[in-house]
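In the text below, chain A, chain B and the rest are named by the order of the sequence lines, each starting its count at 1. Here the structure is a predicted model, which means the values were calculated and not measured.
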There are 2 protein chains.
Amino acid sequence: MNIINLNKTVTIPKGDILLKQGDIAKYGYFVKSGCLKSYTIDHLGKEHIMQFAPETWMITDLDSFSNQVPSLVYIEAIEASEVSIISNADVKDINQFEKADLVEMNTKFRNNLIATNKRIIGLLSATAEQRYTNFTDTYPSLVQRLPLKLIASYIGVTPEYLSDIRRKIAKN
Amino acid sequence: MNIINLNKTVTIPKGDILLKQGDIAKYGYFVKSGCLKSYTIDHLGKEHIMQFAPETWMITDLDSFSNQVPSLVYIEAIEASEVSIISNADVKDINQFEKADLVEMNTKFRNNLIATNKRIIGLLSATAEQRYTNFTDTYPSLVQRLPLKLIASYIGVTPEYLSDIRRKIAKN
DNA sequence: TAATAAAAATAAGATACCTTAAGAAATAAG
DNA sequence: CTTATTTCTTAAGGTATCTTATTTTTATTA
């Protein structure tokens, strides 16, 4: 099996939840069209977005999927989406993979890790406004597509404050 | 070559800088004893710690090391340390590796990614006090070992404020 | 051991960002 | 088209965290 050429797709209506916080992830999702998000809900009931997954992206709770521990995140369709589903059972036996597959997985993990580290640098060292302009620079197509409140959640501010930021940017 | 059994070690005095922000990382460092840190300096001149690397940990700027782009971080010895050095040239040809090596790299990248994602969840959703107690729970040995100001930098607060947090915790 | 430097504690005032609340605008539904 | 729902904007007041400054404690060096 080639892990990246999954051809069976499933249609997910907007709003459907594919994984719940606390459950164990049986599946990972390759998005063919539409967009999913993963998010935590904190002890105050507030949502914090970890990842957007538009077309060509893969999304799951990696720890839950790989190690069968409770998921820290929800996964939900923020648009009607078509996804290919990869099952935990499909990848359990690491020895089934060819070298080329392993090399490819390596590259994907590495690139993901690089991006994730950049996000941490931003959260530690940048102001909310800088994180927002960084987001618009990095994901310009998502800025058009996503409601403000989701972008706010991703960069770690309230929607009200992001609205202030946008107004301030527009003024200059 | 087995990528994880490097036997030649080099002694690094406390305070030595092994990589500078903006430079291209030629090397990665496996710490045999002592402790290194990686950190950015933001446009206001403030330091933000990305990673501590005590014994058995590996540290580099992954993007810079893998893709020969300018490093976002400094790497510096915070204790006198012994390290094994892996050169970018040593790993450039991915096909030199055996399947077992690739599987092991995979696991390491994956675990690193899982930990990094948890850190993002904390930065997005936890208070400074929660991030501190989470740090002490996750890395109890480092709490003894590292000065407060470095822990403050890692969790994303000023040393003064972490001092307040500790006092408040001690009071209860 | 004394002298010096570095780290930590403490406190007062400042600011980035949040909370709450209300109204306006856009989108979806009937 | 009309209504209902969601999203966005705006504003006032509040809180977590920062800044600056001083003092105390701890660590380093002479």
N/O-N/O pairs, protein side and nucleotides 3-7 of chain C side, under 3.5 Å:
{"residue": "C/dA7", "atom": "OP2", "partner": "B/Lys149", "partner atom": "NZ", "Å": "3.3"}

- Query: Looking at side-chain heavy atoms only, is the closest gap between A/Ser38 and A/Asp61 below 4.5 Å?
  - Reply: no
- Item | Polar contact flag, side-chain donor to acceptor under 3.5 angstrom, B/Asn112-B/Thr116 | yes
- Query: Is there a side-chain polar atom (N or O) of B/Arg166 under 4.0 Å from OP1 or OP2 of C/dA8?
  - Reply: no
- Task: For C/dA11, take OP1 and OP2 only and decide whether either is under 4.0 Å from a side-chain N or O of B/Arg167.
- Result: yes
Which listed nucleotide ([options]) is nearest to the side chain of [X]?
X: B/Thr158; options: C/dT19, D/dT19, D/dA11; value: D/dT19
X: A/Ser163; options: C/dC18, C/dT10, D/dT10; value: D/dT10
X: A/Glu160; options: D/dT28, D/dC18, C/dT19; value: C/dT19
X: A/Thr127; options: C/dC17, D/dC18, C/dT20; value: C/dC17

- Message: Return the CG to NZ distance between A/Leu102 and B/Lys99, rounded to the nearest 0.5 Å.
- Response: 6.5 Å
- Distance, nearest 0.5 Å, that separates CD1 of B/Ile155 from OH of B/Tyr132: 7.5 Å
- Reference residue B/Glu129; test salt bridge (Lys or Arg N to Asp or Glu O under 4.0 Å); the match among B/Arg167, B/Arg166, B/Lys168: B/Lys168
- Task: Rounding to 10 degrees, work out the angle separating the end axes of the helix from C/dT1-D/dA30 to C/dG30-D/dC1 (five pairs an end).
- Result: 50°
- Partners of A/Lys92 by salt bridge (Lys or Arg N to Asp or Glu O under 4.0 Å), sequence neighbours excluded? none
Protein-nucleotide distance ([X], atom [atom1]; [N], atom [atom2]), rounded to Å:
X: A/Leu162; N: C/dT19; atom1: CG; atom2: P; result: 15 Å
X: A/Leu44; N: C/dT20; atom1: CG; atom2: P; result: 10 Å
X: B/Tyr132; N: D/dA16; atom1: OH; atom2: C1'; result: 18 Å
X: A/Tyr161; N: D/dA16; atom1: OH; atom2: C1'; result: 13 Å
X: A/Lys14; N: C/dT27; atom1: NZ; atom2: C1'; result: 9 Å
X: A/Arg131; N: C/dA16; atom1: CZ; atom2: C1'; result: 10 Å

- Looking only at heavy atoms, what is the nearest atom pair of B/Leu72 and B/Gln21, with distance? O-NE2, 3.0 Å
- Task: Looking at every strand, decide which applies to B/Lys46 at a 4.0 Å heavy-atom threshold: base, sugar-phosphate, or nothing.
- Result: sugar-phosphate
- Give me the ring orientation class for A/Phe52 and A/Tyr154: parallel if the planes are under 30° apart, tilted from 30 to 60°, perpendicular past 60°. parallel
- Item | Plane angle bin for B/Tyr39 and B/Tyr74 - parallel if under 30°, tilted between 30 and 60°, otherwise perpendicular | parallel
